[in-house]
*Asks:* 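Shown below is the structure under consideration.
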Amino acid sequence: MPIPQEVADSLEAIGGIPGLEARLPEEEAIVAASRVHHALSEPLRLRIVHALAVQPLCVCVIKEIAGIADSKLSYHLNQLKKADLIVGEQQGSWIVYRLTLRGERCMATPYPPSE
């Protein structure tokens with residue numbers, strides 16, 4: 001099946017399929033990006049990340065703004081931790097969560113305006 005000439009020309013200019021594949025991110029980077037997108041696809045987790053972008057928070061405050069049970073909150077926090085968006089630090093008898101560098105970078109990208 002022939003491809004459009006414009007696509008064929010630009011593909012040839014970068015070295016064909018091998019040249020295209022050489023420009024793709026490594027599999028590890030794709031998997032990491034997939035985790036981030038999955039973690040942020042849940043509105044509640046996105047709400048938590050936004051709250052943590054304002055300041056570090058303890059679980060009790062996160063629970064208050066999330067309005068969910070401890071077991072469900074634990075699941076959502078773990079999803080954010082697996083995506084390397086947040087980290088929890090023990091401070092006495094409290095665990096205080098904050099954004100990681102990756103989390104900060106995600107929040108630095110503004111959302112497009114709604115239409």
*Asks:* Atom CG in L24, atom CD1 in I30: separation rounded to 0.5 Å?
*Replies:*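 The distance works out to 6.5 Å.
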
*Asks:* Please give me the minimum heavy-atom distance between S41 and P43, naming the atom from each residue.
*Replies:*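 Shortest heavy-atom contact: O-CD, 3.5 Å.
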
*Asks:* Quick one: side chain to side chain donor-acceptor pair (under 3.5 Å) partners of R47, sequence neighbours excluded?
*Replies:*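 Scan of R47 (side chain to side chain donor-acceptor pair (under 3.5 Å), adjacent residues dropped) gives none.
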
*Asks:* Mind jotting down which residue pairs meet the side-chain hydrogen bond (donor to acceptor under 3.5 Å, both in side chains) criterion with at least one end in residues 85-102? Sequence neighbours excluded, please.
*Replies:*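 As it turns out, the side-chain hydrogen bond (donor to acceptor under 3.5 Å, both in side chains) pairs with a partner in residues 85-102, which skip direct neighbours, are E89-R98.
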
*Asks:* Any chain of hydrophobic side-chain contacts (each under 4.5 Å) joining I17 to I14?
*Replies:*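 Yes, it is one cluster - the side chains of I17 and I14 are joined through contacts under 4.5 Å.
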
*Asks:* Could you state the interatomic distance from CD (E42) to CG (L40), rounded to the nearest 0.5 Å?
*Replies:*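 So the CD of E42 and the CG of L40 are separated by 10.5 Å.
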
*Asks:* Just jot down the side chain to side chain donor-acceptor pair (under 3.5 Å) partners of D84, sequence neighbours excluded, or say none.
*Replies:*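 None.
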
*Asks:* Does any pair with a residue in residues 9-29 pass side-chain hydrogen bond (donor to acceptor under 3.5 Å, both in side chains), and if so which ones, sequence neighbours excluded?
*Replies:*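 Checked against side-chain hydrogen bond (donor to acceptor under 3.5 Å, both in side chains) - neighbours excluded - the pairs reaching residues 9-29 are Q5-D9.
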
*Asks:* In this structure, which one of I86, V87, V96 forms a side-chain contact (heavy atoms from CB on, under 4.5 Å) with L52?
*Replies:*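 The residue from I86, V87, V96 that satisfies side-chain contact (heavy atoms from CB on, under 4.5 Å) with L52 turns out to be I86.
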
*Asks:* Working to the nearest 0.5 angstrom, can you tell me the gap between L57 CG and I65 CD1?
*Replies:*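 Reported to 0.5 Å precision, the distance equals 6.0 Å.
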
*Asks:* Could you report the tightest heavy-atom contact between A39 and L80, atom names first, then the distance?
*Replies:*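 Where A39 meets L80 most closely, the heavy atoms are CB-CD2, 4.1 Å.
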
*Asks:* According to side chain to side chain contact (heavy atoms under 4.5 Å, CB included), who are the partners of E64, at least two apart in sequence or on a separate chain?
*Replies:*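 For E64 there are no side chain to side chain contact (heavy atoms under 4.5 Å, CB included) partners, ignoring immediate neighbours.
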
*Asks:* Could you state the interatomic distance from CZ (R35) to NZ (K82), rounded to the nearest 0.5 Å?
*Replies:*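 If I round to the nearest 0.5 Å, the distance is 9.0 Å.
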
*Asks:* Anything under 3.5 Å between a donor and an acceptor, one on a side chain of residues 68-77, the other on a protein residue two or more places apart or in another chain? List them.
*Replies:*
{"from": "D70", "atom 1": "OD1", "to": "K63", "atom 2": "NZ", "distance (Å)": "3.1"}
{"from": "H76", "atom 1": "ND1", "to": "R45", "atom 2": "NH1", "distance (Å)": "3.0"}

*Asks:* Can you tell if the side chain of V49 reaches within under 4.5 Å of the side chain of C106, non-hydrogen atoms only?
*Replies:*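 Not touching, per the 4.5 Å side-chain cut-off.
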
